[in-house]
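Here is the structure we will look at.
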Protein chains: 2
Amino acid sequence: MDAKHPVRTTEKTLALVEELMEKGPCGVTELASDLQMGKSAVHNHLTTLQKHGYVLKDGDDYRVGLKFLEVGGHSRKSMEVYQIAEPEVKSLAADTGELANLLVEEQGMGVYLMRAKGDDAVDLDTYAGLRTHLHTTALGKAILANLPESRVDEIIERHGLEQKTPKSIGTRQELFQVLEAVRERGYAIDDGERLEGLRCLAAPIKSSSGEVLGAISVSAPASRVSDEDLHGALPERVLSAANVVELNINY
Amino acid sequence: MDAKHPVRTTEKTLALVEELMEKGPCGVTELASDLQMGKSAVHNHLTTLQKHGYVLKDGDDYRVGLKFLEVGGHSRKSMEVYQIAEPEVKSLAADTGELANLLVEEQGMGVYLMRAKGDDAVDLDTYAGLRTHLHTTALGKAILANLPESRVDEIIERHGLEQKTPKSIGTRQELFQVLEAVRERGYAIDDGERLEGLRCLAAPIKSSSGEVLGAISVSAPASRVSDEDLHGALPERVLSAANVVELNINY
DNA sequence: ATAAGTGTTCTGGTCCCGAGAACGGTGATG
DNA sequence: CATCACCGTTCTCGGGACCAGAACACTTAT
């Protein structure tokens, strides 16, 4: 869904913010050369953003401000699936001692809404707001498996099947095979695809009408998850958490 | 610090986002009349924002997307005080069973970076990213008490001393008296100022050079916090948490 | 059928965004 | 200590793009 009449000025502002986010704090001249803009244009945009709290000045460098967290935090807080799943993800982390996550789909990408760490949890570099290709995680596969086939094709069309690691799913056919297996089992698995030695297990959250609203997962080092766990106690616990969320959402 | 040459188009985009955040999902016509803009202008801005993930369309309504959470989450994750304080705030919540918070100052306002809930914690309507006037919370007072007097005056000048409740601090003199007491004690207290029946206790986090980096707090219902607790065991625990953070930040 | 509402598209004229040059300050260098 | 090189900031003014308003397509209510 491309804008018919994009506001170019706004697009420059957004590009500036994203560049600033990726590079971390930096100065006017550097941003100007990176984005092929004049220094005065960059300066005008930055001071405008600063005036409204979206950007801050640290000495001579500019950096992204916390106003984005306010808007994003407000947006997250107003999502029903977050409100209801949040305590369940926390208790899932506490019970298993591992890392638990909540992911939703937005514009064909997966967005982590939260993570909760149990006492022994590994510390991945995920964070609330992080985007990821859906086909590269157990969470994403749990969601894809419950979308209409046409929607999945749209997503492949739009974002491709980027190979994050050699084990990543690389073709449409392979993906649909995996999704069929996920539907049969009721949960999705990532056995070292995203990160060597890391096992993840994810279950979808569906509304009463069958629409998928998100997915819940547990991530743990392979050394602590036996093959039996992976198809026995662990899916039971994750599915139960997803089920509690479904019941609370559907009253 | 006002922009000398503000980019008006960007300001319109930002106003649109903030209006959309406050009102929740709504349509083009309503936004146009609220912001006194033409429908086509609003439409162009919204589709541009949508193209980049900052806004989504739900049927005929538009709403704020999670891209803001990505940028804000990234910004938070890159803050040293957050990285180091996060586990301490969690264990503070776990130990006390109450609600623990982390606040930093940005552009004269307090911004909650996170909250952690213990087993018995009250559920306030704070969230990561929420902004608050510094003089209305224990967290804010802990920070103000460790800023230079001139800086505090600047903040009063800029944001005023809004009275959130009848108990709120309302004058400069009263504020400076309270801040002096906070400096002597080493921690700040909010005894029902923000919310009737809620007691909060906050300690500042300072760098080795004496600069205040943020504040940590515990919030609990008055029924569970005796007067002795408020000046005995509780401040000890909160101060200790703040101290651990200070030590880790200063190596 | 009609009407009143919506989101979307189109066009033209006015306003404002932004390249480039000049300014003021700071730190390195010989 | 003068010189230089670099920074962020300010200024001007011409060309480009933002946007009011009108027209369109569609849904819903009467």
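All chains are named by letter (A, B, ...) in the order of the sequence lines, taking the proteins before the strands, and each is independently numbered beginning at 1.
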(message) Set out, in order, the CA-CA distance, both residues' side-chain angles and the distance that settles side chain to side chain donor-acceptor pair (under 3.5 Å) for B:T10 and A:T13, then state yes or no.
(response) CA-CA 7 Å; B:T10 297; A:T13 298; 2.6 Å; yes

(request) For B:K39, answer base if it contacts any base atom (sugar-phosphate contacts may also be present), sugar-phosphate if it contacts only those atoms, and nothing otherwise; contact means non-hydrogen atoms under 4.0 Å. (result) base

(request) Using modelled atom types only, decide if a donor and an acceptor are shared between the side chain of A:S75 and the backbone of B:V64 within a distance under 3.5 Å. (result) yes

(message) Between the base of C:dG5 and the side chain of B:T29, is there a donor and acceptor pair under 3.5 angstrom?
(response) no

(message) Rounding to 10°, can you tell me the angle the first-five-pair axis of the helix from C:dA1-D:dT30 to C:dC23-D:dG8 makes with its last-five-pair axis?
(response) 40°

(request) Measure the distance from CD on B:E11 to P on D:dC19 and round it to the nearest whole Å. (result) 12 Å

(message) Please determine whether a side-chain nitrogen of the Lys or Arg among B:R172 and B:E149 lies less than 4.0 Å from a carboxylate oxygen of the Asp or Glu.
(response) yes

(message) Please report the distance, rounded to the nearest Å, between CG in B:L46 and P in D:dC19.
(response) 12 Å

(request) For B:G38 and for B:K4, find the nucleotide of DNA chain D with the closest heavy atom, then tell me which residue's nucleotide is more 5'. (result) B:K4

(request) Output the single nucleotide from C:dG7, C:dC17, D:dT9 whose closest atom is nearest the side chain of A:K57. (result) D:dT9

(message) For the backbone of A:H133 and the side chain of A:T137, can you confirm whether one donor and one acceptor N or O come within less than 3.5 Å of each other?
(response) no

(request) Would you kindly give the NE2-to-P distance between A:H43 and D:dC6, to the nearest whole Å? (result) 20 Å

(message) Assuming nearest nucleotide by heavy-atom distance, tell me which of B:Y62 and B:R8 is located more 5' along DNA chain C.
(response) B:Y62

(request) Measure from the side-chain heavy atoms of A:A41 and tell me the nearest of C:dG18, D:dT9, C:dT8. (result) C:dG18

(request) Tell me which of A:H5 and B:T9 sits closer to the 5' end of DNA chain C, going by the nucleotide each one is nearest to. (result) A:H5

(request) Would you kindly give the NE2-to-C1' distance between B:H45 and D:dC19, to the nearest whole Å? (result) 8 Å

(message) Using ring centroids (six-membered ring only for Trp), state whether B:Y127 and B:Y112 fall under 6.0 Å.
(response) no

(request) Please report, rounded to the nearest Å, how far the C1' atom of D:dC19 is from the CG atom of B:L31. (result) 16 Å

(request) Quickly work out the A:N44 CG to C:dG18 P distance and round it to whole Å. (result) 8 Å

(message) Without decimals, in angstroms, what is the distance between B:K12 NZ and D:dA20 C1'?
(response) 11 Å

(message) Check this for me: does any side-chain nitrogen of one of B:E154 and B:R151 sit under 4.0 Å from a carboxylate oxygen of the other?
(response) yes

(message) Can you tell me which nucleotide in D:dC11, D:dG8, C:dG7 comes closest to the side chain of A:S40?
(response) D:dC11

(request) Among the candidates C:dC17, C:dG7, D:dT10, find the nucleotide nearest to the side-chain atoms of B:D60. (result) C:dG7

(message) Output the rounded distance in Å from CD (A:Q50) to C1' (D:dG8).
(response) 12 Å

(message) Between the side chains of A:E106 and B:K67, is the shortest nitrogen-to-carboxylate-oxygen separation below 4.0 Å, so that they form an ion pair?
(response) no

